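Letters A, B, ... mirror the listed sequences (proteins, then strands); counts begin at 1. The figures that follow rest on heavy atoms only: side chains count, while hydrogens, waters and symmetry mates do not. Keep in mind it's a predicted model, so treat the numbers as computed, not measured.
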There are 2 protein chains.
Amino acid sequence: MEQTQDEHPKGGVASLSVEGVLVGHGRVPKHVQVREYVRGLVREAQPGTAAPSERELVHQFHVARMTVRQAMDSLVAEGLLERIPGRGTFVAHPRRTVGRMRSFTEEMGSRGMLAESQTLLARRETAGPGVARALEMTAGDPVIHWRRLRRADGHPMCVEDAYLNEVLLPGFLQSGMPTSLYEALADRGLRPTWAEDSITADVANADEGRLLEIPAGGPVMRHSRRALAVEKIVEVSRSVYRGDRFTMWVQLGRET
Amino acid sequence: MEQTQDEHPKGGVASLSVEGVLVGHGRVPKHVQVREYVRGLVREAQPGTAAPSERELVHQFHVARMTVRQAMDSLVAEGLLERIPGRGTFVAHPRRTVGRMRSFTEEMGSRGMLAESQTLLARRETAGPGVARALEMTAGDPVIHWRRLRRADGHPMCVEDAYLNEVLLPGFLQSGMPTSLYEALADRGLRPTWAEDSITADVANADEGRLLEIPAGGPVMRHSRRALAVEKIVEVSRSVYRGDRFTMWVQLGRET
DNA sequence: TAGTGGTCTAGACCACTAT
DNA sequence: TAGTGGTCTAGACCACTAG
C-alpha cells in the first residue's frame, strides 16, 4: 500500500483522542497516543489485570500492529506491563525498585511518621571551599544556606544544613521558605532526579546534642547529599541524624 | 510478499553467524543475532564511536529494517547505544549508575585499598528468630555463620557476621572457606543480584572495640544486608564499621 | 543532496495457552 | 480451535544533519 500517513481508508482525518480515535495531523506520534491511552487505562489497575490485547488496539485505533507493539514495548520496558506469550498482556506486579531517592518528608512518610521542619537559619552566604567544590561553584560565590531541625512525630530526628546554588534560584529567599525544598525546586524546573549520598558514623557535638536532645558524645549518623537536576547540581546538604532513632535503608542492584 | 520465513530471495538458507550471515534454521531470533553482533562490535569501543547504521545492518544481514530496529532498541534500552536523529547511532557515554551493589572487597578496591579478611568463626548453627526471618527460613533451621574481621590496607575496618541458608549451600563449610563469598556463591549459581541494606549509627561494645582497635563506646556504623540471588535470599549479614574510618557511598535515582 | 533515525503500513507464520 | 504474544517482511514518508 502506498504510504499516505495519517489518512485511513475509513475515517480520514480524525479529531480528538477519545476512545481510540487518534489526532489526525497532530505531531504526537501514534504509538505515543496509544501508549498514553493504555497507561491511562492501567494506571490504577491491580497487578495481574489484563490490558487490551494488541489486535484489539489495532482495531480500536486503526493502526498497524507494529505501532501498537511499539507502544506496548515502552510500557513493558518501564515495568508497567508484562507480556505472557499465548495469554496476553497484564499489569505488572511491582518489581524491586533500586535505590530510590527520597526527601526527608517522603522518607518519614513511608515509615508512617509525620515529618515536621523548623527553620533555624535561612540566609545568603558566600560559599566556603568545601561547599563550593560540592556545588561545582567557586569559593566566594553566593549560596543559600538553609538550616532546619527536622522532626518525626514530634521527636527530633536530624539537623540539616542545605546549601543551594543561588544563581540557579534567584529570589528564592525572598519568596519565603517553602514547606518542601524538593517541590520548590520542581516548581522552578529543577526537580532533583539523582543524588550521591555518603553516610558515616560519628558522635554529636554539644550544639547537635542540644538540638537533637541527646547527650553530647552520643552516636549520630552524618549524611551528606549532592542532588542533581538534569546535570546541574542544585543542592548540597549535610545532616546529622540521631543514631538511636534513625536507620537508613538502601536498595541496591548489581549489574549482570 | 508471501511469508516464507528464513528463506530469502537471494541467499536461501544461511549457515553460521559470521560477519552478518545469520543462522538459517536456528531458534535464535534474528533480532537477537543482530543485537549480539552489534554488542560484540561495540563492546570495547570508546563512547561516541559510531555503530553501524540501521540500513547498513539491513544489507549485511538481509533482514528487514524493523528487525534491525528491534535489535538496536534493546541495546539503546540497556544504555549501550544512543541514537541521534539525523546523525546515527553511537556508543553511549556512561550514564550515572544507580545504587550498585558491591562486596567489601570491591568496595575497598574502588577506593584504592587492599581488602583482607580474617575468619574469626565459621560453623553450622541453628537460626535464631531474627536471622530466620531475614533469611525467610524457620527458626531452628540450619544456617552457616561466618564471622570475619575485615581490614583495608592492614587496618581493621569492620567485623562482619554473615549468615547463609545452608539448604542452598550443601557442603559449603566442608569445602573450605572461600576468599570471596560472592564469587563462591556465583560458582554455585547463586550470584547475588540485589540487596537491601540498612545503616545505623551506634557505639562499639567492648568486643567490637577490641577487634576494631577503637575504644568501647566509640562511634560505629552498623550495616545490615539481605542479599538475593534470583528471588532467593542467600545471605544475611550484619557488619560493624569503624565510624572514624568508613564512609558509605550511595547513588540514588528518582523516578520520573 | 545523500544519509540517518523516527514513524508507519498491511500483511505473514510461529509457538503457546485456554476452551 | 480461537486467541495471544513473538518474530519478520518490504517497502514508505518524514525531519533532521552534514558535506
Side-chain angles (χ1 to χ4, degrees), chain A residues 1-11 14 22-35 38 49-77 81-92, chain B residues 1-14 22-36 38 48-77 81-92:
Chain A
M1 163 195 179
E2 279 165 44
Q3 171 79 357
T4 22
Q5 202 159 321
D6 295 338
E7 184 175 316
H8 312 108
K10 42 188 166 186
L22 297 186
V23 174
H25 293 296
R27 23 197 80 27
V28 180
K30 292 184 179 179
H31 69 90
V32 171
Q33 299 183 43
V34 175
R35 189 226 296 155
V38 174
T49 307
S53 80
E54 296 177 358
R55 286 165 181 83
E56 203 173 324
L57 291 165
V58 164
H59 287 117
Q60 201 173 337
F61 284 90
H62 306 297
V63 294
R65 190 163 157 234
M66 286 304 297
T67 305
V68 169
R69 280 188 68 77
Q70 197 175 351
M72 303 299 260
D73 278 345
S74 61
L75 293 173
V76 169
L81 299 180
E82 55 187 337
R83 291 200 252 236
I84 304 180
R87 291 195 48 212
T89 306
F90 304 87
V91 178
Chain B
M1 163 192 179
E2 279 165 43
Q3 171 78 358
T4 21
Q5 202 159 321
D6 296 338
E7 185 176 314
H8 312 107
K10 43 187 167 187
V13 176
L22 297 187
V23 174
H25 293 296
R27 24 196 82 28
V28 180
K30 293 184 181 181
H31 69 90
V32 172
Q33 299 183 42
V34 174
R35 190 225 295 155
E36 295 311 314
V38 174
T49 306
S53 80
E54 296 178 357
R55 286 164 181 84
E56 202 174 324
L57 291 165
V58 165
H59 287 117
Q60 201 172 339
F61 284 91
H62 306 296
V63 294
R65 189 162 156 233
M66 286 304 297
T67 305
V68 169
R69 280 188 68 77
Q70 197 175 352
M72 302 299 261
D73 278 345
S74 62
L75 293 174
V76 169
L81 298 180
E82 57 186 337
R83 290 199 255 236
I84 305 180
R87 292 196 45 212
T89 306
F90 303 87
V91 178

To the nearest angstrom, how far is B:Gln70 atom CD from C:dC8 atom P? 17 Å
Could you write out DNA chain C as dot-bracket? Rules: Watson-Crick or G-U wobble, both distances under 3.5 Å, brackets [ ] for crossings, | for pairs with another strand, dot for unpaired. ||||||||||||||||||.
Starting at NE2 of A:His59 and ending at P of C:dA10, how long is that distance when rounded to a whole Å? 12 Å
Interatomic spacing from CE in A:Met72 to CD in A:Gln70 - rounded to 0.5 Å: 13.0 Å
Can you find a donor-acceptor N/O pair under 3.5 angstrom joining the side chain of A:Arg65 to the base of D:dT7? yes
Residue pairs, two or more places apart or on separate chains, that pass salt bridge (charged side-chain N to carboxylate O under 4.0 Å, His left out) and touch residues 62-75 of chain A: A:Glu54-A:Arg65, A:Glu54-A:Arg69, A:Asp73-A:Arg83
Does any donor-acceptor pair link the side chain of B:Arg55 with the base of C:dG5 at a separation under 3.5 Å? yes
Does A:Thr89 make a side-chain N or O approach to OP1 or OP2 of D:dG5 shorter than 4.0 Å? yes
Which whole-number value in Å describes the distance from A:Met72 CE to C:dT7 P? 18 Å
Applying side-chain contact (heavy atoms from CB on, under 4.5 Å) to A:Ile84 and A:Phe90, what does each step give before you reach the verdict? CA-CA 8 Å; A:Ile84 304 180; A:Phe90 304 87; 3.9 Å; yes
Got a list of protein N/O to nucleotides 16-19 of chain D N/O distances below 3.5 Å?
| residue | atom | partner | partner atom | Å |
| --- | --- | --- | --- | --- |
| D:dT17 | O4' | B:Gly86 | O | 3.4 |
| D:dA18 | OP1 | B:Arg87 | NE | 3.1 |

Kindly say if B:Arg69 contacts the phosphate of C:dG6, meaning a side-chain N or O under 4.0 Å from OP1 or OP2. yes
Could you tell me whether the phosphate oxygens of D:dC8, OP1 or OP2, come under 4.0 Å of any side-chain nitrogen or oxygen in B:Thr67? no
Figure out the CE/P separation between A:Met66 and D:dT7, and round it to whole Å. 10 Å
B:Phe90 CZ to C:dG3 C1', straight-line distance once rounded to whole Å: 11 Å
Where the side chain of B:Glu54 is concerned, which of C:dG5, C:dC8, D:dA10 is the nearest nucleotide? C:dG5
Would you indicate, yes or no, if D:dT9 has its OP1 or OP2 atom less than 4.0 angstrom from a side-chain nitrogen or oxygen of B:Lys30? yes
So how far is it from B:Arg35 CZ to B:Leu81 CG, rounded to the nearest 0.5 Å? 11.5 Å
Roughly how far, to the nearest 0.5 Å, is the CD atom of B:Glu56 from the OG1 atom of B:Thr89? 10.5 Å
Given atom CZ of B:Arg35 and atom C1' of D:dT7, what is their separation to the nearest angstrom? 13 Å
Rounded to whole angstrom units, what separation is found between the CG atom of A:Leu81 and the P atom of D:dT4? 15 Å
Shortest non-hydrogen contact from A:Leu57 to A:Val63? O-CG2, 4.5 Å
Whole-Å distance separating the NE2 atom of A:His62 from the P atom of C:dT9: 11 Å
